[in-house]
Student: 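The structure under discussion is supplied below as structure tokens; questions concerning it will follow.
Residue numbers start at 1 and run along the sequence shown.
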Amino acid sequence: MKTSPWRVFAALSIAAAGVAILVMIAKSNNAGQRDFISYWSAGQQLVNGGDPYDAAAIQRLERSAGYDQDYRLIMRNPPIAFFMALPLGLVSANTGIVFWQLALLASLVLSIRMLWNLHGCPDNRLHLLGYCFAPVMECLMAGQLGIFLLLGVVLFLYYHKSRPMISGAALLLCAVKPHLFVPLGLILLIWVVWTRAFRILAGFSAALLASCTLAFFVDRHAWSQYSQMMSSSGIMGEIVPTLSEFFRILVHRDAVWLQFVPQTASCIWAVWFFWTRRKTWSWMNEGLLLLLVSVVCAPYALLTDEAILLPAVLAGIYRADETGQSILSFGLFAGVAMVEVFAKIPMASAYYLWTSPAWLAWYLYATRKKRELDTVAADS
């Protein structure tokens, strides 16, 4: 179908407006007020031969860029994430945030476009609701990298059948925050062996090797520095709005191991869930439920990490539309979450404890009738 010149003009106008807004953000010295500043500081350290996990040096860099909070923002991602931070070391903070935000926006647009394609390119425009997903909006506002992880998930879903090497390589983006994907990663490995999809494993291994090689040449002591930072950061003593944290506080606040109990239980459930469905397994159906459970049971997660749940949320919207179910409940969940985001409630607040269970509840509700219809069709 021929594209209307007016649509092209409108698209270019929107893109130009977006770039103008990003330039205004940069000129207002806003970079220092976003989580982005931790990635920029790490990049500066890497380019200048410093330790990207040195709290004192990072704090000095962040102060020079306008960060004025007492809390130290340090990039807590492992050295395999250096390929994201390193380019930021070549530019100023205000220039860096423009390119960073453009990359986030491009990743979001590409992710939603591919999800739309995966669902058969329907003409109902329901995929546009993805731009109103609160975790995605929080990523854009804070400059967090949750949208990059989302892109990794979507690329895997999109290419795991047609281009397994690409889909495997895309999983490197997910490995930047591996604690969010433990049950899913376990089943992915079992699935690869079960289906002999070793090209996916080869793609991931190649991308991981390249990333580790880059980290070694940039900073030979990166892994020991990362280990030292994690052991002294006190991350497990921080209060985050997760069910795992809530479970630990209820049982015994000082017993850190309790925070991993839900994740361990979810891994056991995941193995049973996969094995009973191994012959009909679909990453666009069972895989999305597994993704939701992985995040709900994660030992550490913030609202921005929930951006990776957009494929499941949109799948629920499409399933509800197909079966004539109301999306009012999703609108309620999404609306309350957006109010919290624009009210600038801190991401570590207990007010966000409900969000990941809400997305799981929405998916189960929205896909219930579809599952019932599939069961009836299989029995008949």
Student: State, yes or no, whether a side-chain contact exists between Met229 and Asp54 at a heavy-atom distance under 4.5 Å.
Tutor: no
Student: Can you name the nearest heavy-atom pair linking Val136 to Ala307, along with the distance?
Tutor: CG2-CB, 4.2 Å
Student: Under 3.5 Å, side chain of Gln225 to main-chain N/O of Pro52, donor-acceptor pair present?
Tutor: no
Student: Taking all non-hydrogen atoms of both residues into account, name the closest pair between Val153 and Pro311 and its distance.
Tutor: CG1-CG, 4.2 Å
Student: Verify the cluster assignment for Val240 and Val261: are they in a single hydrophobic cluster under the rule of side-chain heavy atoms below 4.5 Å apart?
Tutor: no
Student: Measure from the ring center of Phe133 to the ring center of Trp359 and say whether it is less than 6.0 Å.
Tutor: yes
Student: Do Thr355 and Glu306 pass the side chain to side chain donor-acceptor pair (under 3.5 Å) test, and can you show the C-alpha distance, the side-chain angles, and the key distance before you say yes or no?
Tutor: CA-CA 8 Å; Thr355 52; Glu306 296 172 22; 2.8 Å; yes
Student: Looking at Trp283 versus Phe156, is the centre-to-centre ring distance below 6.0 Å?
Tutor: yes
Student: What distance separates Leu310 CG from Cys139 SG, expressed to the nearest 0.5 Å?
Tutor: 10.5 Å
Student: Does the side chain of Ile317 reach to within under 4.5 Å of the side chain of Asp321, using non-hydrogen atoms?
Tutor: no
Student: Roughly how far apart are Leu189 CG and Trp194 CH2, rounded to 0.5 Å?
Tutor: 14.5 Å
Student: State, without any angle test, whether Ser38 and Ser41 hold a side-chain donor-acceptor pair at a distance under 3.5 Å.
Tutor: no
Student: Is a side-chain donor or acceptor of Ser244 paired with a backbone partner of Ala298 at a separation under 3.5 angstrom?
Tutor: yes
Student: Just so I know, are the side chains of Pro346 and Tyr351 near enough to count as touching, which here means a heavy-atom distance under 4.5 Å?
Tutor: no
Student: Please find the pair of heavy atoms, one from Pro241 and one from Ser349, that lie closest to each other, and give the distance.
Tutor: CB-O, 3.2 Å
Student: Applying a strict under-4.5 Å side-chain criterion to I, L, V, M, F, W and Y, I'd like to know whether Ile80 and Leu209 cluster together.
Tutor: no
Student: Walk me through it: do Leu151 and Met114 pass the test side chain to side chain contact (heavy atoms under 4.5 Å, CB included)?
Tutor: CA-CA 10 Å; Leu151 179 61; Met114 286 191 292; 3.9 Å; yes
Student: I'd like to check Leu155 versus Ser167 (side-chain heavy atoms, cut-off strictly below 4.5 Å). Are they in contact?
Tutor: no
Student: Please report the closest heavy-atom contact between Pro122 and Trp116, naming both atoms and the distance.
Tutor: O-NE1, 2.7 Å
Student: Side chain to side chain contact (heavy atoms under 4.5 Å, CB included), that's the test. Do Leu157 and Leu288 meet it? Break it down for me.
Tutor: CA-CA 10 Å; Leu157 293 173; Leu288 294 182; 4.0 Å; yes
Student: Could you tell me whether the side chain of Pro357 reaches within less than 4.5 Å of the side chain of Leu243, counting heavy atoms only?
Tutor: yes
Student: Treating Arg248 as the side-chain partner and Glu245 as the backbone partner, does any N or O pair qualify as donor plus acceptor under 3.5 Å?
Tutor: no
Student: For a 4.5 angstrom cut-off between non-hydrogen side-chain atoms, does Leu303 reach Val341?
Tutor: yes
Student: Show the nearest heavy-atom pair for residues Ala55 and Ile74, with the distance to one decimal.
Tutor: CB-CD1, 3.5 Å
Student: For Arg253, I'd like to know if atom CZ has over 12 heavy atoms of other residues, nucleotides or ligands within 6.0 Å.
Tutor: no
Student: Before giving the answer on side chain to side chain contact (heavy atoms under 4.5 Å, CB included), spell out for Leu173 and Leu145 the whole-Å C-alpha distance, their side-chain angles and the decisive distance to 0.1 Å.
Tutor: CA-CA 10 Å; Leu173 293 169; Leu145 47 73; over 6 Å; no
Student: Please state whether the rings of Trp272 and Trp269 are parallel, tilted or perpendicular, taking 30° and 60° as the class boundaries.
Tutor: tilted
Student: Relative to each other, are the rings of Trp354 and Phe333 parallel, tilted or perpendicular (30° and 60° limits)?
Tutor: tilted
Student: Is the backbone of Gly143 close enough, under 3.5 Å, to the side chain of Asp35 for a donor and an acceptor to pair up by distance?
Tutor: no
Student: Can you get from Ile345 to Met141 by hopping between Ile, Leu, Val, Met, Phe, Trp and Tyr side chains that sit under 4.5 Å apart?
Tutor: yes
Student: Quick one, Val182 and Leu186 - any side-chain contact, counting heavy atoms below 4.5 Å?
Tutor: no
Student: For the pair Tyr300 and His179, name the ring-plane relationship: parallel under 30°, tilted 30 to 60°, perpendicular over 60°.
Tutor: perpendicular
Student: Do side-chain atoms of Asp305 reach the backbone of Leu302 as a donor and acceptor pair under 3.5 angstrom?
Tutor: yes
Student: Would a hydrophobic clustering, with Ile, Leu, Val, Met, Phe, Trp and Tyr connected at side-chain separations under 4.5 Å, put Ile268 with Val293?
Tutor: no
Student: For the backbone of Leu126 and the side chain of Asn124, can you confirm whether one donor and one acceptor N or O come within less than 3.5 Å of each other?
Tutor: yes
Student: Within the supplied structure, the quantity of interest is the number of heavy atoms (other residues, nucleotides, ligands) at a distance under 6.0 Å from Trp257 CH2; does it exceed 12?
Tutor: no
Student: Between the side chain of Tyr365 and the main-chain N/O of Phe330, is any donor-acceptor distance below 3.5 Å?
Tutor: no
Student: Are Phe198 and Ile187 connected in a single hydrophobic cluster, I mean Ile/Leu/Val/Met/Phe/Trp/Tyr linked by side-chain heavy atoms less than 4.5 Å apart?
Tutor: yes
Student: Going through the distances and angles, do Leu360 and Leu289 end up as a side chain to side chain contact (heavy atoms under 4.5 Å, CB included)?
Tutor: CA-CA 8 Å; Leu360 173 59; Leu289 177 57; 3.6 Å; yes
Student: So, Thr95 side chain and Ser92 main chain: donor-acceptor pair closer than 3.5 Å or not?
Tutor: no
Student: Can you tell me if Phe246 has over 12 outside heavy atoms packed within less than 6.0 Å of its CZ?
Tutor: no
Student: Find the distance between CH2 (Trp191) and NE2 (His160) and round it off to the nearest 0.5 Å.
Tutor: 5.0 Å
Student: For the residue pair Ala93 and Ala65, what are the closest heavy atoms and their distance?
Tutor: CB-CB, 4.0 Å
Student: How far apart are the C-alpha atoms of Ser224 and Ser227, what are their side-chain angles, what is the distance that settles it, and do they pass the side chain to side chain donor-acceptor pair (under 3.5 Å) test?
Tutor: CA-CA 5 Å; Ser224 61; Ser227 177; over 6 Å; no
Student: Kindly say whether the aromatic ring centers of Trp281 and Phe274 come within a distance under 6.0 Å.
Tutor: yes
Student: Where do Phe148 and Trp100 land on the ring pair (Phe, Tyr, Trp, His ring centres under 6.0 Å) test, with the steps shown first?
Tutor: CA-CA 11 Å; Phe148 294 143; Trp100 186 262; 5.2 Å; yes
Student: Less than 4.5 Å apart, side chain to side chain, heavy atoms only: is that true for Val336 and Glu340?
Tutor: yes
Student: Ring of Trp40, cation from Arg34 - is the NZ or CZ under 6.0 Å from the centre and inside 45° of the axis?
Tutor: no
Student: Evaluate the criterion side chain to side chain donor-acceptor pair (under 3.5 Å) for residue pair Gln144 and Glu138; output intermediate values, then yes/no.
Tutor: CA-CA 8 Å; Gln144 269 284 359; Glu138 184 68 25; over 6 Å; no
Student: Evaluate whether atom OH of Tyr131 has more than 12 neighbouring non-hydrogen atoms of other residues, nucleotides or ligands under 6.0 angstrom away.
Tutor: yes
